[in-house]
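Data block below; observations after.
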2 protein chains.
Amino acid sequence: MTPSEMLAVYRAELLENVVPFWQRHGIDSEYGGYFTCLDRRGEVYSTDKYMWLQGRAVWMFARLHRTVDASRGWLDLAAQGADFIRRHGREPGGRVAFALTRDGRPMHVQRKIYSEVFYVMAMAEMAAATGQEAYLDEARATFWQTWELWNHPERLGRPILSGTPRGTTLADPMVFLGMIEDLAPLGDDSRYGEVIERMLAIIARHIRPDRRLVLENVGLDGEALDGPAGRLLSPGHAIELAWFLIHLARRTGRDDLIATAIDVMDFSFDRGWDPQYGGLFYFLDAEGRPPTHLEWSMKLWWPMTEALYATLLAWTLTGDQRHLRRHDLVRQWSWDHLRDAEHGEWYGYLDRRGEPTNELKGGPWKGFFHLPRALLYCVDLLAARDAAPSGT
Amino acid sequence: MTPSEMLAVYRAELLENVVPFWQRHGIDSEYGGYFTCLDRRGEVYSTDKYMWLQGRAVWMFARLHRTVDASRGWLDLAAQGADFIRRHGREPGGRVAFALTRDGRPMHVQRKIYSEVFYVMAMAEMAAATGQEAYLDEARATFWQTWELWNHPERLGRPILSGTPRGTTLADPMVFLGMIEDLAPLGDDSRYGEVIERMLAIIARHIRPDRRLVLENVGLDGEALDGPAGRLLSPGHAIELAWFLIHLARRTGRDDLIATAIDVMDFSFDRGWDPQYGGLFYFLDAEGRPPTHLEWSMKLWWPMTEALYATLLAWTLTGDQRHLRRHDLVRQWSWDHLRDAEHGEWYGYLDRRGEPTNELKGGPWKGFFHLPRALLYCVDLLAARDAAPSGT
């Protein structure tokens, strides 16, 4: 497939398959916000509203409005969701809730920071899309609240006992870089620089070039931890990290990060791609011991969509054909196994062989985010390449 | 296979395959307690000690000593585990910890009562095996502490918010019946009767004969709940409930429970057995909507071991051949798919087709309990039948 063909395919997939599925089935026009628990045909099988996915859908619709087409009503779809989470998103203690009832009553609060993270991303992108200061103020305030929580994990409510493992988990620096990627272009805040440096220092401790792997969890001084958590790998997560680092490098001029990002992609592909059935394993053990996650060998949609974009980005950046070959492999496998040609959108959960085990198109963890974001980013890359005076 | 052949097979499986695997690989003779994270060959891949499984292993070794053979050193293996959890099992707040480091420092506390439950069962069986009052005192005290926690769930630390679903989950009345099954024979406590009645009233609301199913979660007044949690079925769990009810009926003379238990087994088998690949599904949705558990279609060891015993019990009780046919089916499938003839013990986690996805023999959730308990109970039943003046 030529780059121009890819552009056409990805644009059509985004605008004619994925976005319409969520516009048609995912909007709660009665209470506001989004339905994400959608079955194969798009029928709602739960009206509960998961905040990770509410925030992500706000982000996605607002980003589509801002960067693709301002005439399709996407800002209204984003704004009604932003309004819903601003009215209902916080439980009485001030935390952003993890799940809400359809009408916005808080159900659960996680002892993790990620509900706050996706709330920040929603507000930041609404600020970018509308220029309204109120969104930006709320994005910034919640960002620093999240930073305080991260620095004082005891406030999350999980008891820290004498044997509780201490250390860092790769998701945390990644989500801070993700929030800053959205916030930094909206106006200078010199304090982001300090957060970035701290997060890059942590990330550096998770990447082990000598062992050609990226550890999901390490000790406070970067030491390897014993046991399954200490040996946990998530190849798709590491591949997502790679493009986060490339974006940061491009925004800040830190070109040294690019070589690291390419290394991470190489490690993660070599180790994470299933030689027998194709696709990326969800989890692996660094030493080949038994993974304790029952779903370790399943093929999920999001590692593949992260890889779809990351490989294309690496290819446009370096011109190296190995990235393009991987990109073609990922696209082919995804179209063969994940895409539902009959009812739209993609399956989320396949067994190791690549057959759907769960027919849902959305759920508590899968919403309007990873797939459309990857497609949008691929379209942006390929369109910019087309528009450039001379192609690479 | 004749009943006598079954008796020989199950006894050999218990005493020559399963117990030796755990005796050889699962004892921490340095710090006390048990290793449960064992790979296919029995090698330890994590030294963390999960309290559910520590308590269950104490129970199992003590029960083997008391009912099978007092000359094999099993009481020592139980006592060293009981000593470990008595010394280290409680975190500073008084809760029983969920996980400990190898040397006994508390790592995590669950916002659920089940660590307490298996602590109670360990102490109760140690009391039965040794006659020592100290174990009985601790079992009783922790039982009533658990009862208080269950009656005041806010003390478990999970915030109850305006949208938090209220209701009952089938596991709770089951574990209370399980604890009482062990405690009641150790001496009269008239208060158990009150707990049993409350738990049976809850269980009755989870069983829906009109729909031929057992709901894992219902509302406080027994009403069906919306959404995936409200439609959740776990056929193996319901089959375990069936034999809990039969045991209670036999101990207390409440013969009315037996018909209910047989109904539950019929519903659960008809719905839970995979017509395509065999084995019991782990989870199902009552209305055929998408299950949200990624592992719903996997075949786990414990639903099969529960079914192995429950079907044999139902057959010996009723003489009805349909229970024996199911028993033969469960045994055949289990021996074909779950049993590891090469390295001992059984796999825990198979994909829908019945192939192991995780080669571990033990982990954070699988230990020395469901399989040996089911084999022991089957042996007891078949041996009693052999010894009876006339066979059924």
Side-chain angles (χ1 to χ4, degrees), chain A residues 37-40 43 45-48 88 91-93 95 97 99-109 111 157-159 161-165 226-231 282 285 287 289-298 300 348-349 351-353 355 357-365, chain B residues 37-40 43 45-48 88 91-93 95 97 99-109 111 157-159 161-165 226-231 282 285 287 289-298 300 348-349 351-353 355 357-365:
Chain A
C37 291
L38 303 176
D39 71 11
R40 186 176 172 197
E43 279 182 45
Y45 64 85
S46 168
T47 57
D48 292 347
H88 302 295
E91 50 85 51
R95 291 287 316 280
L100 306 171
T101 58
R102 183 180 177 186
D103 60 356
R105 285 169 293 130
M107 298 172 72
H108 302 296
V109 177
R111 298 180 296 184
R158 195 185 291 274
L161 303 165
S162 59
T164 303
D226 281 341
R231 297 189 298 263
Y282 188 17
D285 181 284
E287 296 171 14
R289 311 303 310 271
T292 54
H293 292 84
L294 298 194
E295 67 276 26
W296 76 272
S297 62
M298 288 177 69
L300 274 64
Y349 306 98
D351 65 14
R352 182 173 172 184
R353 295 165 189 255
E355 293 178 15
T357 57
N358 301 53
E359 290 203 337
L360 56 85
K361 296 295 170 52
W365 308 102
Chain B
C37 291
L38 303 176
D39 72 10
R40 187 176 172 196
E43 279 182 45
Y45 64 85
S46 169
T47 58
D48 293 345
H88 302 295
E91 51 83 52
R95 291 286 317 280
L100 306 171
T101 59
R102 182 179 179 187
D103 60 357
R105 286 170 292 128
M107 300 173 70
H108 302 296
V109 176
R111 300 181 294 183
R158 193 186 292 276
L161 303 166
S162 60
T164 303
D226 281 341
R231 296 188 299 263
Y282 188 17
D285 182 284
E287 296 171 13
R289 312 303 309 271
T292 54
H293 292 84
L294 298 194
E295 66 276 26
W296 75 272
S297 62
M298 289 177 68
L300 273 65
Y349 305 98
D351 65 14
R352 182 172 172 185
R353 296 166 189 256
E355 293 178 16
T357 57
N358 301 53
E359 290 202 338
L360 56 84
K361 296 294 172 51
W365 308 101

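Just so it is clear: chains get the letters A, B, ... in the order the sequence lines come, proteins before strands, and each one is counted from 1.
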Legend entry - Residue part contacting chain B, namely of Trp296(A), when any heavy atom lies under 4.5 Å: side chain
Legend entry - Partner residues of Asp39(B) under the side-chain contact (heavy atoms from CB on, under 4.5 Å) criterion, sequence neighbours left out: Arg289(A), Pro290(A), Arg41(B), Glu43(B), Tyr45(B)
Inset, instruction - For residues Met107(B) and Gly163(A), report the shortest heavy-atom separation together with the two atoms involved. - result: CG-O, 3.3 Å
Legend entry - Which of Leu300(A), Leu294(A), Asp285(A), Thr101(A) touches chain B most, by non-hydrogen pairs under 4.5 Å: Leu294(A)
Legend entry - Ion pair Glu355(A)/Arg353(B), N-O distance below 4.0 Å: yes
Legend entry - For chain B, the option from Gly157(A), Pro228(A), Pro159(A) that forms the most heavy-atom pairs under 4.5 Å: Pro228(A)
Inset, instruction - Measure Arg231(A) against the heavy atoms of chain B and call it side chain, backbone, both or neither at under 4.5 Å. - result: side chain
Inset, instruction - Would you mind checking which part of Ser297(B) comes under 4.5 Å of any heavy atom in chain A, side chain (CB onward), backbone (N, CA, C, O), both or neither? - result: side chain
Inset, instruction - Could you check which of Arg111(B), Arg40(B), Glu91(B), Glu295(B) has the highest count of heavy-atom pairs closer than 4.5 Å to chain A? - result: Arg111(B)
Inset, instruction - Calculate, to the nearest 0.5 Å, the distance between atoms CE and CG belonging to Met298(A) and Asp351(B) respectively. - result: 10.5 Å
Legend entry - salt bridge (Lys or Arg N to Asp or Glu O under 4.0 Å) involving Asp226(B) - partner list, sequence neighbours excluded: none
Legend entry - chain B contacts, top residue of Leu100(A), Leu360(A), Asn358(A), Thr292(A) (heavy-atom pairs, under 4.5 Å): Asn358(A)
Legend entry - Max heavy-atom pair count under 4.5 Å with chain B, selected residue of Gly363(A), Ser162(A), Gly227(A), Pro106(A): Pro106(A)
Inset, instruction - Could you tell me the separation between the NE2 atom of His108(A) and the CG atom of Leu161(B), rounded to the nearest 0.5 Å? - result: 9.0 Å
